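This report concerns only the one structure given below.
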Amino acid sequence: MRKLFVIIIGMMQSLLLSALPNDLPDIEMVAVDGGTFTMALDTNEAKHAYETPKHEVTLNAYQIGKYEVTQELWEAVMGNNPSIFKGSDLPVENVSWNDIQLFIKKLNKLSGKSVAVTMLIY
């Protein structure tokens, strides 16, 4: 099953969370330090072309939701629950990339801020 996480880029967490209406569930966040790592493989190691070329990637520090986006949060923002496996504290599922983009826009609108928010699905 794919999982959906809220990622708030940079130090925007306090801006977003302090502006959310009181009736929205909290989004517990954890900090992730920035850094540099090597991504992909050398040509002789790769089984597929998309696995190359090996290169360095640098990420700035960011914050990510400690838990998946719950059905409770999704329903509070979107007004519906598309999940097949129902439960307010269960992760939302059965959503498309377009659904997520709309969720982000509505979450930003509810906060009254223009906050850089994205979603990670895996």
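The structure presented is a predicted model; accordingly, all values stated were derived computationally and were not measured. Note that the numbering runs from 1 along the sequence shown for the chain.
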Donor-acceptor contacts, no H, no angles, side chain residues 31-40, under 3.5 Å, sequence neighbours left out:
| residue | atom | partner | partner atom | Å |
| --- | --- | --- | --- | --- |
| Thr36 | OG1 | Thr58 | OG1 | 2.9 |

Atom NZ of Lys47 with >12 non-hydrogen neighbours under 6.0 angstrom: no
Cluster link Val69 to Leu90, ILVMFWY, side chain under 4.5 Å: no
Spacing of [X] atom [atom1] and [Y] atom [atom2] [to the nearest 0.5 Å]:
X: Lys54; Y: Leu41; atom1: NZ; atom2: CG; answer: 7.0 Å
X: Lys106; Y: Gln101; atom1: NZ; atom2: CD; answer: 14.0 Å
X: Leu73; Y: Met78; atom1: CG; atom2: CE; answer: 11.0 Å
X: Lys109; Y: Leu107; atom1: NZ; atom2: CG; answer: 13.0 Å

Full working for side chain to side chain donor-acceptor pair (under 3.5 Å) between Asn98 and Ser96: CA-CA 5 Å; Asn98 290 331; Ser96 70; 5.0 Å; no
So do the side chains of [X] and [Y] get within less than 4.5 Å of each other, counting heavy atoms only?
X: Gln71; Y: Ser88; result: no
X: Trp74; Y: Pro82; result: yes
X: Asn80; Y: Glu75; result: no
X: Phe103; Y: Val92; result: no

Residues which pass side-chain contact (heavy atoms from CB on, under 4.5 Å) with Asn60, listed by chain and number, not counting sequence neighbours: none
Side chain to side chain contact (heavy atoms under 4.5 Å, CB included) evaluation trace for Asp89 with Glu72: CA-CA 6 Å; Asp89 60 343; Glu72 179 184 25; over 6 Å; no
Working for side chain to side chain contact (heavy atoms under 4.5 Å, CB included), residues Thr52 and Asp42: CA-CA 6 Å; Thr52 65; Asp42 286 326; over 6 Å; no
Set of residues satisfying ring-ring contact (aromatic ring centres under 6.0 Å, His included) with respect to His55, sequence neighbours excluded: none
